[in-house]
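Beneath this line is the structure, given in structure tokens, with notes to follow.
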Amino acid sequence: MTALAVASASLRRMLRDRTALFFVVLLPVLVIAIIGTVVRNPGGFRIGVVSAQASGQPLAGTLVDDLGATGPVHLQSDEQTARTALRRGELDAVVLIPTGLEAALLRGHDVVIPVLAGGAESTQSAVRSAVSAAVARHAERIQAAAFAARKTGSTVAEQLPRATALQRVTPRITVSTENVASGSNYLPLGFGYSAPTMLVLFVFINALAGGATVVQTRRLGIYSRALAAPVRARDLVLGESLFYLTFSLLQSALIIGTGSLLFGVSWGNLPAAIALVVTWALVGTGAGMLSGAAFKTPDQASAIGPVIGIAFAMLGGCMWPLEIVPDKVRILGHVTPHAWAVDAWITVLSRAGGVADIATNLAVLTGFAVGMLALASVLLQRRLSS
């Protein structure tokens with residue numbers, strides 16, 4: 001009962017701290033949203049079209065609609081603006097629709113549509129293929145209308161509505177792709193990347209910074225007065241450990257709920273995800289307790305703790321995949337628990353892994369948690385007894 005009372009009191013104190021609530025509740029959501037938006041896959045290529053070229057030509061308008069199937073279409077005021085956006089990486093390609101597109105097509109003439117692409121060669125090739133597919137679909141209607149016009153002695157313009165209607169109801173062969181690279185070491189793009197890595201980052205970093213609460217309680221003599229009653233030091237240590245565990249689980253639940261409800265993040269195999277969240281919460285508990293036992297002043301815990309947490313997150317792959325760093329840095333990163341946690345999330349999310357697939361990671365993380373909790377318990381009991 002004493003341990004539960006200590007945990008309850010510490011939790012209430014934290015919930016009354018508005019600064020702490022900002023870092024626990026709002027900041028993780030903001031960072032997930034920002035990083036997820038920056039690295040997200042927008043659902044296709046960003047195609048730029050000059051609005052003046054597309055206006056006044058019905059066939060140009062339908063071509064723009066077809067291009068919309070490849071990704072979001074952004075209308076640009078003029079060609080120079082479109083080229084500037086392409087150079088800045090705001091667009092993946094710019095389609096320059098010829099001014100006389102409609103007249104040429106209705107007369108049965110060939111039309112060349114320039115496409116400007118930027119980025120890597122692989123991206124340019126993919127963009128060209130996507131735009132070519134959209135243009136080919138548009139050309140199907142024109143060719144069908146021209147064929148019908150020749151057979152009936154009418155005009156392409158007269159046959160175009162019928163060709164368009166037939167295209168909509170004609171069955172099509174679609175090609176689907178499946179990623180079979182089960183050895184992929186990358187987290188999914190977008191919010192699927194930012195949510196799990198930010199869970200790893202913020203649970204640990206807020207636990208370290210939260211060590212200031214234990215330091216402050218210790219310096220105010222609250223523990224000393226509690227020990228004057230029939231309360232054992234280990235009950236106080238257990239109570240604070242329960243507080244940090246509850247705190248870590250609540251923040252994990254917040255990030256998971258936010259990721260799922262607001263950003264549509266899938267957390268993979270449920271038992272594996274739960275085991276990983278609980279194990280990482282234990283790591284956060286050990287980090288918070290060790291911070292509260294090791295630092296001498298609350299300012300030290302609040303200032304130095306986040307620096308350590310960010311450094312560990314950078315080494316452990318929370319900021320970028322470890323596969324893009326040199327081998328020595330990757331090995332060094334696995335000195336931190338973050339690398340093992342991120343590796344486990346990669347397995348769960350990218351490889352559809354279960355508990356058995358991340359058993360080694362869970363064992364290593366448990367070792368980190370037990371080691372930090374044991375060291376924190378010894379240091380804190382020694383400080384409480386002195």
Side-chain angles (χ1 to χ4, degrees), residues 27-28 31-32 34-36 38-40 179 181-208 248-249 251-256 258-260 263 265-287 306-369 371-372:
L27 188 59
V31 173
I32 290 171
I34 292 171
I35 296 180
V38 170
V39 302
R40 70 189 175 97
N179 183 7
S182 60
S184 173
N185 288 320
Y186 290 92
L187 285 171
L189 290 176
F191 302 115
Y193 173 86
S194 61
T197 52
M198 291 305 103
L199 184 152
V200 173
L201 168 64
F202 279 105
V203 168
F204 191 86
I205 201 172
N206 283 327
L208 281 176
S248 299
L249 289 174
Q251 185 169 39
S252 299
L254 172 68
I255 294 175
I256 290 173
T258 301
S260 299
F263 306 123
V265 177
S266 173
W267 295 89
N269 180 272
L270 182 60
I274 292 175
L276 188 51
V277 166
V278 173
T279 305
W280 188 249
L282 289 172
V283 173
T285 301
V307 173
I308 296 174
I310 292 174
F312 278 21
M314 294 174 68
L315 285 173
C318 293
M319 308 298 187
W320 46 72
L322 289 179
E323 281 67 27
I324 68 174
V325 302
D327 292 339
K328 292 182 180 179
V329 178
R330 188 182 308 117
I331 294 173
L332 179 62
H334 282 82
V335 175
T336 71
H338 296 63
W340 295 94
V342 171
D343 286 349
W345 279 118
I346 291 173
T347 301
V348 172
L349 299 182
S350 294
R351 305 177 190 170
V355 175
D357 299 303
I358 61 172
T360 300
N361 302 74
L362 294 176
V364 173
L365 291 174
T366 302
F368 275 109
M372 287 189 290

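Positions are given from 1, in the same order as the sequence printed here.
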For Asn269, check side-chain hydrogen bond (donor to acceptor under 3.5 Å, both in side chains) against everything at least two apart and list the hits. none
Taking all non-hydrogen atoms of both residues, which atom of Val203 and which atom of Ser252 are closest, and how far apart? CG2-OG, 3.4 Å
How far apart are the closest heavy atoms of Leu199 and Ile255, and which atoms are they? CA-CD1, 3.6 Å
State the OG1-NE2 distance between Thr197 and His338, to the nearest 0.5 angstrom. 11.0 Å
For Thr360, enumerate each residue passing the side-chain hydrogen bond (donor to acceptor under 3.5 Å, both in side chains) test, keeping only those at least two apart in sequence or located in another chain. none
Let me see the working for Ile205 and Leu208 under side-chain contact (heavy atoms from CB on, under 4.5 Å), right down to the final yes or no. CA-CA 5 Å; Ile205 201 172; Leu208 281 176; 5.6 Å; no
Write down the atom of His334, the atom of Trp340, and the distance for their closest heavy-atom approach. O-NE1, 2.8 Å
Please give me the minimum heavy-atom distance between Pro196 and Leu349, naming the atom from each residue. CG-CD1, 3.7 Å
Under the side chain to side chain contact (heavy atoms under 4.5 Å, CB included) test, which residues partner Val325, sequence neighbours left out? Trp320, Leu322, Val329, Arg330
Validation: residues 306-319 side-chain donor-acceptor distances under 3.5 Å, sequence neighbours left out:
none

Check residues 272-285 and write down every donor-acceptor pair under 3.5 Å in which the side-chain atom is one partner and the other belongs to a residue at least two apart or another chain.
from   : atom 1 : to     : atom 2 : distance (Å)
Thr279 : OG1    : Ala275 : O      : 2.7
Trp280 : NE1    : Val200 : O      : 3.2
Thr285 : OG1    : Leu245 : N      : 3.2
Thr285 : OG1    : Ala281 : O      : 2.8

